[in-house]
Colleague: 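Before anything else, here's the structure in question.
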Amino acid sequence: METSSKITEINGVGQELKKLFGNIGINTIADLIENYPRRYEDYSNVQSISKIRPGMVTIRANIKQTKGRYARRGIHITEAVASDDSGSVKLVWFNQPYRSASIKRGVQYYISGDFELRRQRFCIQNPSIELVSNFPLSTARIVPVYRETKGLKSAQIGRVLKEILPLIRETKETLPEWILRGNNLLPKAAAIEMIHFPVSTTILAKAERRIGFEEIFELTLASLLNKYELAREMSIRVPFDEVAARTFVKNLPFKLTDSQRRAIWQIFLDMDKEQPMNRLLEGDVGSGKTVVATMAAMMVVRNSFQVALLAPTEILARQHAETVTDLLSPLGLSAGVRLLVGGLSGSKKQRIYDDIKTGRASFIIGTHALLQEKVNMQRLGLIIVDEQHRFGVDQRRALQKKAGHMPHVLNMTATPIPRSLALTLYGEMDISVMSSKPGGRLPVVTRIVSPNSRQQLYQDIDRELEAGRQMFVVTPLIDGSGDTDDKSVKDVYESLTKGVYRHRRVGLLHGKMKPKEKESVMNMFAIKKLDILVSTTVIEVGVNIPNATVMLIENADRFGLAQIHQLRGRVGRSNFQGYCYLMMSDSSTPSRRLRALEQMNDGFKLAELDLEIRGPGAIYGTLQHGELDLRIAKLSDTKLIAASRRSAQEFIDRGENLLEYKQLKERVQGIRAITNLN
């Protein structure tokens, strides 16, 4: 039996159990071993019965006077008495009729459970019991709690893991000895055993540190290898033209913020080198990233090279095309702007292909379809990748073949990323952070609203609409479902048009609509022919309607903190006051996340809070990088991150051969591949 073996090779795992494990993504023994516990329950403190107090307890006792009966509504109750030298306590199980027959008399059990008051008498409810003579899994120890599915409980997962404990103990080391010694790390085999079968909280902490260290080490090593490989490539040098830069700034209808000036100068310095730029422009919603990117592109175009801007949606691509055209028009450079999206006719696409090939198109904007073979960008100097995408080695290689050199790359994101996460997830990039917003913009007023206050809210909003402003209404679903109370975009649209806002012009937008339909609706909203736009989260990224001042988010408690902040960024984009209303699903107490949104407008502080509350998965999910999964490492552990990064750098400086570490090599190569564009 090996870690690559199917899970059915484990004693006691048949086809039925195989299916249940498959439901949670466990198909091989390796999957099972790497299925780390979600949390732990500490039952290691074994007490005498006379000393137990309300709460989670563990005792060592004999069990007697066992009986079972059916109560009202068919509920089966098993009752027993556990005794030791200090006294006795009642045990109660619900709907476990097998308990009476399975309990042995005259033997010692470990009993762990919740000691609480029931019908004016204290008892231990639904306890786990195990023979003292056996290897305890659910009692008298620190008990791992795994992700469960219907029919597969955490205790069952623990029992299956016990069957492969000898194999876990044979786990081969994956890190060099000098790293283990220098960082005081447990061997891999011991760490994995203690993760699943911890003997103390101290040892568990050491085991988690060992596994977490390796997770960060792998990410960092992959990032550094990407960075060094890219640094060996040659790109085209784009000399800085001070006169052109001053002319661009002079023609802007607003003043650049200090953050924008700092970011553009960092980009200019990067592009003035023969090594390809690989920079992440990270800015909160409304911080003006598009202006910075267009200014960089202007310098490339003036040097007779081409720019490609990749957007995640056609809506955003069209909006970028309009913005870029407006910004470049005063400089006489807008004639080279082209929009290449799926909604165009075949003949229009062909004309754009020809313009790109001949160089008449200098600034091409579209979705990732720009990377197709038929798009011939031989003079490509700069790629701008906007929102939720990583531009990786494979895409660079494909474009390098077309252009004959490695293009400069500027990645942009409006998702504020905590520094600890940026160092691991984007370690191969240089990062420019834009924290300030253009002057004259007021912070968006955010308020949590109970459904009981809906009608009053509609009246308040109607006064804003009467003043000529516009509103977004965002819902979590396209179509309604009988399984949930969540509002669907179609139901809300119908409710508003036939009800409280029947005197208003209401539009509908969602992802299943055809591109031309979506474009038409957005255009009508942009030119103020609609007062209200009811939409799914398709408007989350980049949509810029300065006259829209109200955002109403239905079932706000169903959304993540970062996503609501992105949605909120669609309003308050002018000198008008913006309002964001978070409509709850019911009248329950609002969560910590929603309360934070009421109190904070700083996306970076909110990102740190999101990381604290929900962990890195929340941020990875937003950035579409779920594969880069930190299951043990905590990104709040700055000392662990620093130690892992130092070791990764030393691994390279020592000239270590990754081929000598098979498992580490496979993991690092996998991470490097994930940096490709999704």
Side-chain angles (χ1 to χ4, degrees), residues 1-7 9-13 21 24-42 44 135-138 141-148 152 154-221 615-617 627-634 637 640 643-644 647 661-668 670-671:
M1 189 164 57
E2 299 177 350
T3 56
S4 59
S5 302
K6 297 293 184 184
I7 199 167
E9 293 199 22
I10 301 173
N11 184 36
V13 179
F21 273 113
I24 55 174
I26 298 175
N27 300 298
T28 67
I29 293 175
D31 294 337
L32 178 64
I33 293 173
E34 293 176 7
N35 178 51
Y36 299 135
R38 296 175 60 188
R39 57 185 175 85
Y40 296 87
E41 292 179 347
D42 191 353
S44 59
F135 181 87
L137 290 172
S138 302
R141 64 179 302 122
I142 298 171
V143 178
V145 179
Y146 299 91
R147 182 163 66 97
E148 299 177 341
L152 181 63
S154 186
Q156 290 175 276
I157 297 173
R159 284 193 288 272
V160 175
L161 276 161
K162 181 187 170 186
E163 293 291 329
I164 59 168
L165 187 52
L167 186 61
I168 290 174
R169 289 170 174 163
E170 294 173 5
T171 301
K172 293 180 180 178
E173 188 50 65
T174 49
L175 294 177
E177 176 61 31
W178 61 265
I179 289 182
L180 299 181
R181 191 170 54 251
N183 292 280
N184 193 26
L185 298 174
L186 290 177
K188 182 72 172 281
I192 292 178
E193 179 176 351
M194 289 303 105
I195 287 286
H196 292 296
F197 304 101
V199 295
S200 71
T201 54
T202 302
I203 291 294
L204 175 58
K206 289 183 177 181
E208 290 181 326
R209 183 174 181 273
R210 165 63 170 88
I211 303 300
F213 180 98
E214 186 165 357
E215 289 178 339
I216 300 294
F217 176 83
E218 291 167 345
L219 279 173
T220 307
L221 183 58
E627 291 294 327
L628 301 179
D629 186 16
L630 296 182
R631 287 165 290 179
I632 297 293
K634 293 180 175 62
D637 191 343
L640 179 70
S644 302
S647 294
Y661 306 93
K662 181 182 177 183
Q663 193 171 342
L664 178 62
K665 176 181 74 73
E666 290 175 357
R667 177 63 181 157
V668 168
I671 294 170

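Values in this document were obtained by computation on a predicted structure and should not be read as measured data.
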Colleague: Residues in salt bridge (Lys or Arg N to Asp or Glu O under 4.0 Å) with Lys188, at least two apart?
Modeller: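 With neighbours one apart ignored, the set is Glu214.
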Colleague: Atom CG of Leu161 and atom CG of Asn35: how far apart are they, to the nearest 0.5 Å?
Modeller: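 If we round to the nearest 0.5 Å, Leu161:CG and Asn35:CG are 7.5 Å apart.
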Colleague: Using salt bridge (Lys or Arg N to Asp or Glu O under 4.0 Å) as the criterion, list what pairs up with Glu9, not counting sequence neighbours.
Modeller: none
Colleague: My understanding is that only residues two or more places apart in sequence, or in another chain, count here; which of them pass side chain to side chain contact (heavy atoms under 4.5 Å, CB included) with Glu177?
Modeller: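 With sequence neighbours excluded, Glu177 shows a side chain to side chain contact (heavy atoms under 4.5 Å, CB included) to Leu180, Arg181, given in chain and number order.
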Colleague: How about Lys172: does its NZ atom have over 12 heavy atoms from other parts shown lying under 6.0 Å from it?
Modeller: no
Colleague: From Ile632 CD1 over to Tyr36 OH, what is the distance, rounded to the nearest 0.5 angstrom?
Modeller: 6.5 Å
Colleague: List the residues meeting side-chain hydrogen bond (donor to acceptor under 3.5 Å, both in side chains) with Ser644, not counting sequence neighbours, and say none if there are none.
Modeller: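 With sequence neighbours excluded, Ser644 shows a side-chain hydrogen bond (donor to acceptor under 3.5 Å, both in side chains) to no residue whatsoever.
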Colleague: Kindly give the heavy-atom pair with the smallest separation between Asn183 and Ala643, and that separation in Å.
Modeller: OD1-CB, 3.7 Å
Colleague: What pair of heavy atoms forms the shortest contact from Glu215 to Ala633, and how long is it?
Modeller: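 Scanning both residues completely, I find the closest heavy atoms to be OE1-N, 2.9 Å.
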Colleague: Check side chain to side chain contact (heavy atoms under 4.5 Å, CB included) between Ala30 and all other residues, then give those that pass, not counting sequence neighbours.
Modeller: Thr3, Thr28
Colleague: Return the minimal non-hydrogen interatomic distance between Tyr661 and Thr174, and the atom names on each side.
Modeller: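 Nearest pair, atom of Tyr661 first, then Thr174: CD2-O, 4.1 Å.
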Colleague: At their closest point, which heavy atom of Leu640 faces which heavy atom of Gly212, and how far apart are they?
Modeller: CD2-C, 3.9 Å
Colleague: Could you go step by step and tell me if Ile157 and Leu32 meet the side-chain contact (heavy atoms from CB on, under 4.5 Å) rule?
Modeller: CA-CA 9 Å; Ile157 297 173; Leu32 178 64; 4.2 Å; yes
Colleague: Walk me through it: do Met1 and Ile164 pass the test side-chain contact (heavy atoms from CB on, under 4.5 Å)?
Modeller: CA-CA 9 Å; Met1 189 164 57; Ile164 59 168; 4.0 Å; yes
Colleague: CD1/Ile29 to CD/Glu34 distance, rounded to the nearest 0.5 angstrom?
Modeller: 12.0 Å
Colleague: Hey, what do you get for CG (Leu175) to CD (Glu218), rounding to the nearest 0.5 Å?
Modeller: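 Leu175 CG to Glu218 CD: 7.5 Å, rounded to 0.5 Å.
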Colleague: Kindly compute the distance separating CG (Asn27) from NZ (Lys6), expressed to the nearest 0.5 Å.
Modeller: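 Separation between the atoms: 6.0 Å.
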Colleague: Report the residues that fulfil side-chain hydrogen bond (donor to acceptor under 3.5 Å, both in side chains) with Glu173, sequence neighbours left out, ordered by chain and then residue number.
Modeller: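 Checked Glu173 against side-chain hydrogen bond (donor to acceptor under 3.5 Å, both in side chains); matches are Arg210.
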Colleague: Report all side-chain donor-acceptor pairs from residues 195-202 shorter than 3.5 Å, counting only partners two or more places apart or in another chain.
Modeller:
residue	atom	partner	partner atom	Å
His196	ND1	Tyr146	OH	2.8
His196	NE2	Ile33	O	2.7
Ser200	OG	Ile203	N	3.1

Colleague: Yes or no on side-chain contact (heavy atoms from CB on, under 4.5 Å) for Gln663 and Arg667, after CA distance, side-chain angles and deciding distance?
Modeller: CA-CA 6 Å; Gln663 193 171 342; Arg667 177 63 181 157; 5.9 Å; no
Colleague: Going from CG on Asn11 to CD on Glu163, what distance comes out if it is rounded to the nearest 0.5 angstrom?
Modeller: 5.0 Å
Colleague: What residues form a side chain to side chain contact (heavy atoms under 4.5 Å, CB included) with Lys665, not counting sequence neighbours?
Modeller: Leu658, Leu659, Gln669
Colleague: Quick check against the 3.5 Å criterion: does Glu41 have a side-chain atom that pairs as donor or acceptor with the backbone of Val145?
Modeller: no
Colleague: What residues, two or more places apart in sequence or in another chain, satisfy side-chain hydrogen bond (donor to acceptor under 3.5 Å, both in side chains) together with Glu208?
Modeller: none
Colleague: Looking at every heavy atom in both Pro144 and Pro37, which two are closest together, and how far apart are they?
Modeller: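 Heavy atoms only, the tightest pair is CB-CG, 3.5 Å.
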Colleague: Over all heavy atoms of both residues, which pair between Asp31 and Ile26 is shortest? Give the atoms and the distance, please.
Modeller: CB-CA, 3.8 Å
Colleague: Sequence neighbours left out, what passes salt bridge (Lys or Arg N to Asp or Glu O under 4.0 Å) with Arg141? Give chain and number order.
Modeller: none
Colleague: Of all residues at least two apart in sequence or in a different chain, which pass the side chain to side chain contact (heavy atoms under 4.5 Å, CB included) check with Ala205?
Modeller: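 With sequence neighbours excluded, Ala205 shows a side chain to side chain contact (heavy atoms under 4.5 Å, CB included) to no residue whatsoever.
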Colleague: Please name all residues satisfying side-chain hydrogen bond (donor to acceptor under 3.5 Å, both in side chains) with Glu193, sequence neighbours left out, ordered by chain then number.
Modeller: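 side-chain hydrogen bond (donor to acceptor under 3.5 Å, both in side chains) list for Glu193, sorted by chain: Arg169.
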